[in-house]
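Side-chain atoms are counted along with the backbone in the values below, which use heavy atoms only and exclude waters and symmetry mates. Since this is a predicted model, take the numbers as computed values, not measurements. Note on naming: letters A, B, ... go to the chains in the order of the sequence lines (proteins, then strands), and numbering restarts at 1 for each one.
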Amino acid sequence: MMKKCLVTVIALGLCVGSVFGTALAQDKEFKLGVLFSMTGAFAPAGGLAGYQGTMVAVDMINARGGIAGQYKVVPVIADAQSNPDTSIREGQRLMTVENVPVVLGVFSSAIAVPLAPMAEQYKKIFWVIIAISDKVVQDRHLNYTFRVQPTGSQWGQSTVTMFNENLEKFGIKSASEVRVAVIYEDGPYGSSVAAANKEKVKEFGMNLVMEEAYSHKTNDLSSLIFKLKSAKPDVILHTGYFPDVVLFFRQARELGLKTKAIAGHGAGHANMPKLAEAAGGELMNYCFNVDPAPAQLLDRSKLAPGNGDVVGEFLKRYEEKFKDNNPPTHATQGFGHTWILLNDVLPLALEKYGDLSPDSIRKAALDIEIPDGGTPCGYGVKFAPPEHALSGQNLRSYPVVAQSVGGKLSIAWPGALQTAQPVIPLPADSPYGIK
Amino acid sequence: MLEINHVTKMFGGISALADVSFTVEDGSFVGLIGPNGSGKTTMFNVISGAFPPSQGRVFFDDQEISGMKPNAICHMGIARTFQIPQPIKSLTVAENVMLGAVFGVKQAVRRYDARRAWDEARQWLEFVGLKMDPDSLPGMMTAGDLRKLEMARALATRPKILLADEVLSGLNRDELKEASQILQKAREQLGMTIIWVEHIMHVLMRLVERVVVLNHGVLIADGEPAEVSKDEGVIEAYLGQN
Amino acid sequence: MQAINKYGFYGQIILLVVLVMLPFIITSSYLNHIMTLILLWSFVATAWAYMARFGMVSLGHGIFLGIGAYFPTMMFNYWSFTPWIGIWVGVAIAVATAAVLGYACFRFGLLGDYFALVTLAVAEVSALTIMAFRETTGGSLGYTLRATGKISDMQFSDKRVYYFIALILLIGAVYIWRRIDRSPIRLALTAIEESEIAAASLGVSVIRYKMMITLLSAGLTALGGALYAQYVTYVSPDTIAGVGVSLSVCFKAILGGMFTVLGPFVGSTIIVALEEYVRISMGASFLGLSQIIFGISLLIMIIFLPKGIMGSMSLAISRKLNRID
Amino acid sequence: MLNVHDINVFYDEFQALESVTVKIEKGQTVIVVGPNGAGKSTLLRTIAGLQKPRRGSIEFEGHRIDRMEAHQIVEGGISLVPEGGRVFPHLTVMDNLKVGSYNKGARPIAKQRLPQIFQLFPVLADRRNQRAGSLSGGERQMLAIARSLMAQPRLIMLDEPSLGLAPLVVNMVFEFIKSMKQEGYTVLLVEQNANKALKVADYAYLIESGKMVFEGKSEDFDKNPYIKTAYLGL
Amino acid sequence: MFEQILMALINGILLGGVLALLAFGLNLIFGVVKIIHMAYGQFVMLGFYFIYTFHTSWHIPLLLAMALGIAAMGLIGILTQLLVINPLLNAPRLNQLLALASLIIVVENLAQVIWGADYRGIPLSMPIIQFGEIFIRSSFLIAFIGAIVTLWFLYLFLNRTYLGLGIRAVAQDLEMAKGMGINPKVIYYITLMTGGALSGLVAAFFVPIYTVHPHFGASFTLMAFVIVVFGGMGNLMGGFISAFIIGIVTSVTAVLSSKEVADIVALLMFIGMMMVRPEGLLGTES
């Protein structure tokens with residue numbers, strides 16, 4: 001009995017082992033660990049889109065002859081399955097068994113948070129693509145984790161700042177008259193953004209009338225909406241994933257929630273066309289959303305030479321590959337942030353430090369300085385050094401506040417990039433508008 | 001020593017036992033009879049603590065036992081067998097008896113010694129005359145052997161009173177004789193008090209010294225076998241109007 | 001039977017030697033991680049089977065895992081309370097919880113399905129509680145243990161230490177299982193499982209023995225949860241509390257065979273290995289397919305090996321031997 | 001009509017019936033007596049298809065039925081009145097009767113059958129909308145018999161119909177069994193109450209520990225001294 | 001505050017309708033086949049996807065698409081019986097439960113393979129019903145009415161047809177039902193088909209409320225169970241009533257504290273009920 005069992009165990013061990021044994025390094029290839037939640041709850045929220053954007057960047061670099069024209073990028077793809085436990089295992093496998101110098105990706109901050117210390121332990125680069133929670137980098141003094149996009153608090157700050165700059169549109173003079181409600185999903189992402197919301201609200205002296213968190217898996221938000229109705233906010237700051245956002249919009253309409261402005265903060269709100277498709281376009285109308293500017297919205301003339309073409313090529317390739325001419329912002333982020341790694345950081349490492357080892361990449365990343373407009377994302381790149389409280393965070397990135405009007409997105413904030421004046425308060429044709 | 005004092009047991013709205021009183025003296029051999037559904041097994045369940053009486057009390061050696069848990073009552077010295085034998089099928093024959101030997105006596109668990117418990121179980125199996133491998137499972141036992149196992153297990157708790165519930169039912173001629181002999185032996189060699197519920201009258205009537213008759217939960221007769229078998233009420237209860 | 005026991009004994013010695021040597025032979029930290037997880041889950045599944053093999057099928061062990069995982073972690077993060085002691089506080093709280101729950105269930109005589117359903121609800125309560133107290137627990141997306149790297153904080157630079165801790169725990173759990181087998185507790189619980197009333201009238205205190213095994217099982221499960229939290233340094237209601245985890249523990253024990261002492265170990269090994277294998281071999285090429293194959297494999301195993309792998313194996317062997325006799 | 005030939009029946013490892021043979025002719029009332037647990041109920045359950053024999057055959061009107069499913073056997077014309085009047089307690093009396101006519105052969109004539117049944121058992125007509133669980137033991141037994149009659153059986157099997165009933169009710173049940181015989185039903189009866197049962201039967205079997213130990217006309221049973229002492233009551 | 005609670009109360013009643021709908025199919029399967037259908041929420045998810053595909057990709061009018069979706073789920077119910085439940089009819093309860101739990105993994109990922117990870121929804125603009133300050137969600141109101149109508153139809157089916165009678169007989173006493181000429185296999189198939197179709201019906205009522213994704217079903221199963229067992233397994237009326245009790249209690253508690261606390265309260269009520277009256281609200285002792 002024991003013998004048979006032993007045989008089974010050994011056989012299984014061999015099976016598992018053989019899968020990992022195939023990884024053999026070859027000349028002039030660069031193995032890139034790609035880890036996204038391609039299945040599970042986070043996949044539709046943006047995990048899959050991020051992966052797709054990344055793959056377009058890889059294709060484009062390879063079409064240009066590889067990194068610095070020398071190294072072909074070979075992606076080693078793993079699925080985090082929206083499960084922190086699985087992602088830890090996959091992260092470890094990529095870093096140790098596949099021995100990739102760089103693991104990029106992850107959608108959820110909940111997965112990025114435990115992965116970052118692991119990268120530190122194995123001295124491999126963890127290139128964060130989408131997860132925005134401050135907690136991924138804040139006060140951790142990480143050496144090997146880098147993040148190009150803005151932090152959750154920047155998300156949270158930008159909407160409040162925008163509203164503060166547009167007080168007159170509410171018909172009031174002092175910030176203290178604005179009634180603000182903050183609602184958010186209770187993960188690191190939601191709580192990061194909400195914390196920044198509240199901080200800014202306090203800073204401007206606005207009136208915080210309500211705040212409440214909920215689980216993004218919830219199937220009913222009516223109690224939250226009842227509470228909102230009695231709090232009577234002028235501004236609702238919402239941070240959520242996708243189904244909860246749709247649920248909110250639908251239930252709020254049916255329960256007669258009225259307010260002057262609704263602003264979302266990425267993730268669920270990021271994908272306005274999909275939201276409109278799933279819930280009905282008029283619900284999303286006049287809704288604000290914070291995110292890095294989506295590629296299709298960027299004013300390509302303002303970008304550094306060449307970058308405009310890159311964005312164009314991305315849009316073309318994305319449409320060819322995934323039959324979608326309006327890529328969600330997560331795809332844009334996946335593309336842009338991968339592009340910066342493959343097109344800027346890695347060639348510099350090769351040129352300056354002679355190889356593509358994690359340590360060379362790390363040094364190159366810390367060296368790099370790209371001014372605003374120098375990347376396909378619009379913003380520049382300068383990573384915070386290890387002694388900085390946000391070590392590894394790109395200090396030059398910022399999100400923009402966009403507003404959807406009649407299915408068209410326009411940039412409402414910051415002023416420098418503004419493409420249209422924000423529409424405040426919600427007009428009467430919005431289901432939430434006060435008639 | 002055992003006193004049943006105005007015991008009533010209700011199930012739903014139906015009374016399975018209605019105000020039954022009788023006492024059983026030390027060392028006596030009492031038959032508890034009555035037609036099907038007359039409340040005999042319910043009486044045993046009340047005495048052994050399987051469920052508490054709705055009204056009335058039960059005393060054992062001048063101590064009230066009604067309301068006590070079955071295991072506590074067992075420790076007091078009352079053991080029972082079941083109408084439908086309930087061997088523990090995933091324990092061996094010896095282990096079944098060991099259950100009684102180890103748990104039936106209050107301190108025995110603490111001084112557990114597998115070897116000794118096993119030996120003790122063997123002795124009880126011998127006592128009831130169960131001739132089968134003590135290490136086999138009770139799954140394939142015949143009805144007669146199952147009854148013997150039940151009795152060995154109950155006796156292993158070293159009770160003062162044994163409540164024997166239809167130990168003869170389902171047995172053939174030879175087994176019938178053996179089973180009733182075990183009861184006699186327990187009484188003679190161990191000085192045990194026995195209350196015996198039985199359907200097979202001709203055996204019971206020969207052995208017991210007193211009979212208590214229940215019908216529809218009511219005590220209708222109490223006396224010596226010869227007397228009781230002539231009682232009009234009893235005959236009617238059993239045979240209907242002929 | 002003698003022959004089987006003899007082979008079994010040598011087999012176990014060999015197995016033990018292999019398990020001790022394994023982390024020195026396999027140096028891949030990923031494989032070491034998988035092996036550690038296997039041992040940890042084996043330990044938890046074994047503790048779960050303590051109860052289940054006596055008919056007390058709990059679908060709520062997630063609550064004990066959760067208590068074991070969260071309390072020491074939170075006490076460390078908030079008060080720098082060393083996990084060396086914190087773990088035992090967690091275990092104590094889990095045991096106390098088990099005492100309350102168990103006593104309520106056993107007092108009211110909840111058996112079989114009702115017991116399973118109540119424990120299922122309890123598992124969900126554990127996950128919901130973590131979410132309801134999101135300010136302290138981190139809510140639905142988890143909680144990270146503060147890293148210090150100090151041995152006094154139960155953090156080791158060599159992660160293999162956890163492999164050996166898990167191995168020792170598993171050996172301990174197997175040893176306790178064997179001790180139970182040789183003690184009257186097994187007699188009592190087997191009797192209780194088949195007929196509470198028969199057991200009680202033979203002098204077995206039904207509630208006492210049920211409580212005994214429940215507290216033991218809950219305590220060890222909490223210990224497993226605590227160790228998991230210390231090892232992975234990240235806990236969330238999805239990974240260490242709630243219905244999903246509770247069910248996955250059952251899966252491991254049942255597929256391996258919950259009536260044999262090594263069943264939970266074999267089950268955990270096969271499930272964890274199978275999950276890794278299907279995901280890695282086809283994970284990214286056809287999204288979702290690996291999980292489908294994993295699910296179908298579980299389904300097939302449950303349908304065709306109802307007694308679990310070890311259970312079916314020993315049944316087959318004993319049949320074979322009987323035929324020769 | 002019914003020919004049970006040399007069957008062995010097991011519950012797991014436990015052998016409940018050993019090489020049992022029973023024959024019933026059309027129109028006969030046959031009784032099987034024996035102590036509790038001797039295998040009487042198992043015999044009926046096996047004929048009804050609720051238990052499968054490991055060996056032997058059962059033929060009904062010339063067809064093998066021992067491999068058929070229970071519901072096919074009912075359709076074939078055998079109906080069982082289970083022990084203790086096992087009716088569906090949460091169904092009304094009416095619904096219980098309807099369940100009796102569930103099989104395809106009985107459904108079309110259920111409507112005509114009902115008044116006849118109610119005539120036979122007036123008490124059921126009064127209680128037709130009550131839950132069967134609220135009936136008394138005797139009424140339940142009546143309902144169980146009535147339910148079986150709804151199935152239009154040619155062979156009706158009764159499992160200890162007198163069990164647990166008050167003496168008066170027992171008499172009623174036996175009266176009824178007698179009248180069924182007059183109506184031409186073939187009846188297989190299992191009883192512990194041998195005295196009464198023998199009076200209504202044509203032929204009898206004695207079963208003991210799963211084996212048939214004696215058979216004969218019911219008058220022969222009365223004469224046999226062993227049976228008398230061992231099984232016929234006091 | 002009072003107004004809030006009043007709204008929560010109305011909301012709770014309507015929510016009760018949705019929950020009652022969820023409980024019907026589960027209850028039927030539970031009562032008759034005696035199997036805990038762990039993947040019921042996933043069935044609702046599948047039904048939603050079917051309706052979505054029929055309507056959005058095949059351009060079938062919505063109501064017809066819903067009817068087709070319900071029929072398709074009936075078929076899925078039959079397949080479940082054939083492939084999963086039949087082989088496990090005599091297996092230990094725990095194995096049945098775990099087999100259906102592994103079906104969750106299969107169904108969720110099958111949905112991902114077929115429909116992808118994206119959220120899918122059919123945008124429907126439901127009318128707004130308003131009485132002064134009180135808003136009544138029309139989507140829930142429809143579900144509420146649907147629950148009552150469904151209960152009525154189920155009642156007729158179970159009480160006025162031979163098949164329904166057979167289902168009730170099998171639910172009460174399988175062996176006796178066999179002895180009365182009922183083929184339990186047929187009854188099981190009918191039950192699973194009806195249960196499957198009911199999950200499709202739930203999906204149809206969910207269309208105006210939710211968007212669907214592969215992991216959509218998970219959050220519904222447990223609450224549906226609580227309702228079924230709380231009301232008395234296999235007792236449709238009990239499930240119906242307990243759905244409203246749970247709906248109102250959770251809705252009011254959620255307004256006073258949070259959704260999680262409300263769910264905890266519901267579960268504790270359920271646990272308490274199991275201790276005191278394990279047969280449930282309207283269940284009868286077995």
Among the options C/Leu59, C/Asp113, C/Val243, C/Leu247, pick out the one with the most heavy-atom pairs lying under 4.5 Å from chain E. C/Asp113
Rounded distance [0.5 Å steps], CE in E/Met38 versus CG in C/Leu120: 5.5 Å
I'd like to check C/Leu298 versus E/Leu98 (side-chain heavy atoms, cut-off strictly below 4.5 Å). Are they in contact? no
Check whether E/Ile104 gets within reach of chain C through its side chain, its backbone, both or neither, counting any heavy atom under 4.5 Å. neither
Does a side-chain heavy-atom distance below 4.5 Å link C/Ile292 with E/Ile105? no
Between the main-chain N or O of C/Gln291 and the side-chain N or O of E/Asn109, is there a donor-acceptor pair closer than 3.5 Å? no
Looking only at heavy atoms, what is the nearest atom pair of E/Phe270 and C/Val118, with distance? CE2-CA, 4.3 Å
Under 4.5 Å, counting heavy-atom pairs only, tell me which of C/Gly244, C/Ala52, C/Gly295, C/Ala127 racks up the most with chain E. C/Gly295
For E/Val106 versus C/Ile296, what's the shortest heavy-atom pair and its separation? CG2-N, 3.6 Å
Name the region of C/Ile254, side chain, backbone, both or neither, that has any atom closer than 4.5 Å to a heavy atom of chain E. side chain
Between C/Ile302 and E/Leu88, is any pair of side-chain heavy atoms under 4.5 Å apart? yes
Tell me the closest heavy-atom pair linking C/Leu117 and E/Met233, and the distance in Å. CD1-CE, 3.7 Å
Contacting region of E/Ala91 [heavy-atom separation from chain C under 4.5 Å]: neither
If one checks every heavy atom of C/Thr119 against chain E at 4.5 Å, the contacting part turns out to be neither
Between C/Tyr114 and E/Glu279, the two heavy atoms sitting closest are OH-CA, 4.1 Å
Of all heavy-atom pairs linking E/Asp263 and C/Leu128, the shortest is CB-CD1, 3.4 Å
Which atom names give the shortest non-hydrogen contact between C/Ala132 and E/Glu260, and what distance separates them? CB-CB, 3.7 Å
Counting only heavy atoms closer than 4.5 Å, note whether C/Val125 contacts chain E via side chain, backbone, both or neither. both
Would you mind reporting whether E/Ser102 and C/Phe251 have side-chain heavy atoms less than 4.5 Å apart? yes
Side chain from CB out, backbone as N, CA, C, O: work out which of these in C/Ala116 comes under 4.5 Å of a heavy atom of chain E, or both, or neither. neither
Measuring from atom OG of E/Ser258 to atom CZ of C/Arg134, what distance do you get when rounded to the nearest 0.5 angstrom? 6.0 Å
If I measure from the heavy atoms of chain E, does C/Phe294 come under 4.5 Å with its side chain, its backbone, both, or neither? side chain
